[in-house]
Protein chains: 2
Amino acid sequence: MYQRKIPELLDCGLAVALKVIGGKWKSWIIDCIRRDIRRPSAIHREMDVIAPRVINLHLKELEEHGIIYKVIFADVPPRVEYRFTAVGESLLPLLAQLEDWGNANKEYINRNVEEYAPGSCQFLPEQQAAKAS
Amino acid sequence: MYQRKIPELLDCGLAVALKVIGGKWKSWIIDCIRRDIRRPSAIHREMDVIAPRVINLHLKELEEHGIIYKVIFADVPPRVEYRFTAVGESLLPLLAQLEDWGNANKEYINRNVEEYAPGSCQFLPEQQAAKAS
DNA sequence: GGGGACAGGGAAAAATTATTCCCTGTCCCC
DNA sequence: GGGGACAGGGAATAATTTTTCCCTGTCCCC
C-alpha cells in the first residue's frame with residue numbers, strides 16, 4: 001500500500017465525494033455493478049481494455065470506502081459478487097446526473113479544448129459577453 | 001504542455017464530467033468563483049495552502065474546458081476576473097449535490113477507511129446482509 | 001531607487017496513480 | 001497431465017499530476 005506524503009483535505013464534502021468517484025475507472029466500474037455485472041471476471045470482460053489488476057485495485061478502494069461490499073460464496077470454483085451498500089446506492093442518482101450533464105456538454109467541451117490556443121483568451125469584457133451568449 | 005501517451009475515453013458523459021471537475025483543487029476553485037472570489041490574487045489568498053502556480057494551471061484548464069472565462073480589464077495594474085460561462089453555471093447544482101452527499105457521508109467513509117483491514121472482507125452472504133443493514 | 005501588488009509562466013522535481021508482468025491457489029474437462 | 005476459468009496479489013515501471021523554485025513585466029507608494 002502506498003503511504004501518502006501530503007495529507008488530504010477531507011473535511012470538505014466535495015473533496016470526499018470526488019475522492020470516492022474520482023478514480024480513473026471508478027465510475028465505469030460503478031456503472032457495471034449498477035447494470036448487475038457484479039462478478040470480478042464479468043467486470044473484467046466488460047472493461048476489456050483495462051488491465052484486470054487495475055480493476056481489482058479500484059474495486060478494493062470502493063470497498064474500503066464502503067461504497068460496495070463483497071459477497072463471497074462458499075462455492076468452488078470461488079465465486080464473488082460485489083454489491084452496493086446503502087451509501088453506494090445513494091450515489092447512483094448523482095452519477096446519473098453527472099452523466100447527463102457530460103453527455104449534454106461533451107461536444108461543447110471538446111470543441112473548446114480543440115479551439116483553445118494560448119492567448120486566445122485576451123478579450124475585453126464586451127467581447128466576452130458576446131462570446132458567452 | 002504535457003502530451004498524453006495514453007488516449008482518454010471521452011465518449012462517456014461521466015468521463016467528461018469527471019475530467020472537468022476531477023482535478024485535485026478544481027472544485028475548490030469553482031467554489032471560490034461561485035462565492036464571487038473571482039480575481040486570481042483573491043483566489044490565491046483564499047486557498048493559501050495551495051501554491052499559486054497550481055491554481056493558475058487549474059484555472060487555465062477550467063478555461064480550456066469552457067467552464068469559466070477570463071475578463072481582462074484594460075486597467076493598470078492589470079486586473080482579471082474569472083466568471084462562469086453558461087455551461088459552468090449549469091455545473092453548480094451538481095456540485096452542490098455532490099457536496100451535500102459528501103457531507104452526509106464523510107464520517108461513514110472515513111470510518112470505513114480506518115476500520116478496513118485486508119482480509120476483513122471475508123464474510124458469508126448472511127453476515128454481509130447484517131453488516132449492510 | 002527599493003519594495004510590494006498585480007498577472008503569469010518555464011523547468012525540474014516530487015508525489016501520486018495507472019499499468020504491465022508474472023505468480024499463487026483450486027477445480028473441472030478433455 | 002495440460003489447459004482453462006475462477007479470485008487475487010507483489011514488484012517494478014510508466015504515465016500523469018502536483019508542487020516547488022524562480023523569473024518576466026508594469027505600476028504605485030515611500
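Worth knowing before you read on, the calculation uses all heavy atoms, side chains too, and leaves out hydrogens, waters and symmetry mates. Chain identifiers are assigned alphabetically (A, B, ...) following the order of the sequence lines, protein sequences preceding nucleic acid strands; residue numbering begins at 1 within each chain.
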What protein N or O atoms touch nucleotides 27-30 of chain C N or O atoms at under 3.5 angstrom, if any, and at what distances?
none

Could you pull out the protein-nucleic contacts involving nucleotides 20-22 of chain D (nitrogen or oxygen on both sides, under 3.5 Å)?
none

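Partners of Asp100(B) according to the side-chain hydrogen bond (donor to acceptor under 3.5 Å, both in side chains) rule, which considers only residues two or more places apart in sequence or in another chain, do not exist here. Applying the salt bridge (Lys or Arg N to Asp or Glu O under 4.0 Å) test to Arg35(A) and every residue at least two apart in sequence or in another chain returns Asp31(A), Glu46(A). With sequence neighbours excluded, the residues that form a salt bridge (Lys or Arg N to Asp or Glu O under 4.0 Å) with Lys19(A) are Glu8(A). In terms of the side-chain hydrogen bond (donor to acceptor under 3.5 Å, both in side chains) criterion, residue partners of His44(B) (sequence neighbours excluded) are, by chain and number, Asn56(B). With sequence neighbours excluded, the residues forming a side chain to side chain contact (heavy atoms under 4.5 Å, CB included) with Val16(A) are Leu10(A), Lys106(B), Ile109(B), listed by chain and number. By the side-chain hydrogen bond (donor to acceptor under 3.5 Å, both in side chains) test, Glu61(B) pairs with Lys26(B), sequence neighbours left out. Residues passing the salt bridge (Lys or Arg N to Asp or Glu O under 4.0 Å) test with Arg38(A) are Asp36(A), Glu81(A), sequence neighbours excluded. Remark: Ser41(A) engages no residue in a side-chain hydrogen bond (donor to acceptor under 3.5 Å, both in side chains) (not counting sequence neighbours).
Note on Lys60(B): a side-chain N or O is less than 4.0 Å away from OP1 or OP2 of dG9(C).
Across the interface with DNA chain C, nearest-nucleotide mapping of Ile6(A) and Asn56(B) shows Asn56(B) to be the residue nearer the 5′ end. With DNA chain C read from its 5' end, the first of the two nearest nucleotides for Lys5(A) and Pro78(A) is the one closest to Lys5(A).
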### Task
Return one dot-bracket line describing DNA chain C 5' to 3' (Watson-Crick or G-U wobble pairs, both distances under 3.5 Å; ( ) same strand, [ ] crossing, | another strand, . none).
||||||||||||||||||||||||||||||
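Within residues 19-44 of chain B, the residues that place at least one heavy atom under 4.0 Å from DNA chain D are, in residue-number order, Gly23(B), Lys24(B), Trp25(B).
The side chain of Arg45(B) lies closest to dC6(C) when the candidates are dC6(C), dG9(D), dT17(D).
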